[in-house]
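Below is one structure, written out as C-alpha cells; comments come after it.
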Amino acid sequence: MTKETNYRVGSTFRWLGSSPIEDTEISLTVCGIERCTPDKYYGPCIRNDFHVHFILSGKGTLRVDNTYYNLHRGQIFLIPPDIETYYYSDPSDPWQYTWVSFTGTKAAFYLEKAGLSASSPIRDCYIKPEEFLAITEKILTYHELTISNELFRTAWLYEILALLVYSQDKKLREDHYPVQYNYSPEVYVNAAVEYIHHNYSNVCVSEIANYIGISRSYLTHIFKQKLQVSPQKYLLTYRLEQASHLLRSTNLSIQEVSEKVGYTNPLTFSKIFKNVYGLSPKNYRLHILDETLEG
C-alpha cells in the first residue's frame with residue numbers, strides 16, 4: 001500500500017512527512033530543510049525513529065541524555081530513538097540543516113556502518129554537506145502520493161545512507177585505520193566461491209579479492225579459516241575438477257580441455273593434473289574409458 005504523505009512549505013522550511021511501512025529494511029518517515037531562527041529548539045522529547053541532520057551553515061547545540069555537543073557547519077548529528085534529546089540553534093549564528101528520518105530493521109546497522117549511534121551521535125560529513133542536501137531536495141520534489149514517487153523517495157534514502165557509509169569508509173582509509181569489513185567472513189567466502197565457479201578459467205586470486213572488495217591477505221585468511229584451504233588451492237582444485245569432468249564426458253582434445261580450465265600451455269596443465277590425479281590427462285581419459293568398457 002502506498003504511504004500517506006504530508007508536504008509543507010514555509011518561509012524558512014520545506015518538510016515532508018510519510019507514514020512508515022512496517023517490517024521493511026528502511027522506511028522514510030520525515031525529511032526536510034530548515035533555516036532556523038535564533039534559539040529555535042526542539043524537545044526535550046523521545047522519538048521512535050532515527051533522525052539524521054546535516055548542518056549546512058551556522059551553529060547549534062545537541063543534548064543526548066545529559067551529554068551536550070556544540071555543532072557547526074559540515075557536521076552530522078543523529079537523534080536516536082527511545083532516548084531523550086533536545087537541540088537548539090545558536091542565538092547569534094543559527095544553523096541551517098537538512099535532515100532525513102527513518103525506521104526499519106536495518107536502520108541501526110546502516111547507521112553504525114556510517115559511524116553514527118546513540119553512543120556516538122555526531123561526526124563530520126567528510127564531504128560537502130550540500131551533497132546530502134541535493135538528495136533531500138529530490139525527495140522533497142517527489143512528494144506527490146504515487147507508487148513511483150514512493151519508490152524514488154526510498155531509493156534516494158538508500159543513496160543518502162550509501163553516501164554516509166562511503167564517506168565514513170573513505171575517511172577511515174585516509175586516516176590509516178585498520179580495515180573493518182562490513183560483512184561476515186562467511187559472506188565473503190561464499191561470494192568468492194561463487195565468483196570462482198563462474199570465472200575459474202580466467203581469474204587469479206588478486207582479481208577475486210578485488211571483485212568482492214577485500215584484501216588478498218584477508219581473503220586467504222578467511223578461506224583457511226572457513227574452508228581449510230587457501231583460495232589459490234581452492235581455485236586449482238576446482239579447475240582440475242572441471243578438467244576431470246570434461247575428460248570424462250567430452251571428446252575435447254587435451255589442449256582444448258587445458259584452455260577451457262585456464263591453462264594456455266597444455267604441458268603445464270598435464271603436469272599439474274598428474275600431480276593431483278596420479279595420471280596424465282591422456283591416461284586418465286583412457287583409464288576412465290577402460291573402466292567403462294569393463295563395466
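For this chain, numbers begin at 1 and follow the sequence in order. Source: prediction; values computed, not measured.
- Annotation: cation-pi geometry not satisfied between R63 and Y69 (NZ/CZ under 6.0 angstrom from ring centroid, within 45° of ring axis).
- Under the 3.5 Å distance criterion, with hydrogens and angles disregarded, no donor-acceptor pair is assigned to the side chains of D49 and S101.
- Counting heavy atoms from C-beta on, the side chains of V189 and L227 come closer than 4.5 Å.
- A donor atom on one side chain and an acceptor atom on the other are found under 3.5 Å apart for R14 and Y7.
- Ring geometry for Y211 against Y195 counts as parallel: the plane angle stays under 30°, on a 0 to 90° scale with 60° as the upper cut.
- K224 has its side chain within reach of S230: a pair of non-hydrogen atoms, C-beta onward, lies under 4.5 Å apart.
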Let me have the donor-acceptor pairs involving side chains of residues 119-136, under 3.5 Å, with sequence neighbours excluded, atom names and distances please.
unit_1	atom_1	unit_2	atom_2	d
S119	OG	S117	OG	3.2
R123	NH1	A114	O	2.7
R123	NH1	L164	O	3.1
R123	NH2	C125	O	3.1
R123	NH2	S167	OG	2.8
E130	OE1	R73	NH2	3.3
E130	OE2	R73	NH1	2.8
T136	OG1	T98	OG1	3.1
T136	OG1	F132	O	3.1

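- Side-chain contact between L247 and I288: absent, with no pair of heavy atoms (C-beta onward) separated by less than 4.5 Å.
- Side-chain contact check for S258 and Q255: no donor-acceptor pair (N or O, by modelled atom type) lies under 3.5 Å.
- Ring pair Y238/H197 is parallel by interplanar angle, where below 30° counts as parallel and above 60° as perpendicular.
- Under the side chain to side chain contact (heavy atoms under 4.5 Å, CB included) rule, C31 has a single partner from L16, L157, I160, V52, which is L16.
- Ring orientation note: the planes of W99 and H53 are close to parallel, at an angle under 30° on the 30°/60° scale.
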Listed pairs under 3.5 Å, donor-acceptor, residues 265-279 side chains, sequence neighbours left out:
unit_1	atom_1	unit_2	atom_2	d
N265	OD1	L267	N	2.8
S270	OG	P266	O	2.9
N275	ND2	K271	O	3.3

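- In summary, the side chains of D90 and S92 do present a donor paired with an acceptor at a separation below 3.5 Å, with no hydrogens or angles considered.
- Relative ring orientation between F102 and F50 is described as parallel, the plane-to-plane angle staying below 30° on a 0-90° scale split at 30° and 60°.
- For the pair V203 and L235, the minimum side-chain heavy-atom distance is below 4.5 Å.
- Tested against F77 for a ring-ring contact (aromatic ring centres under 6.0 Å, His included), the candidates F54, Y86, W95, Y68 yield a single pass: W95.
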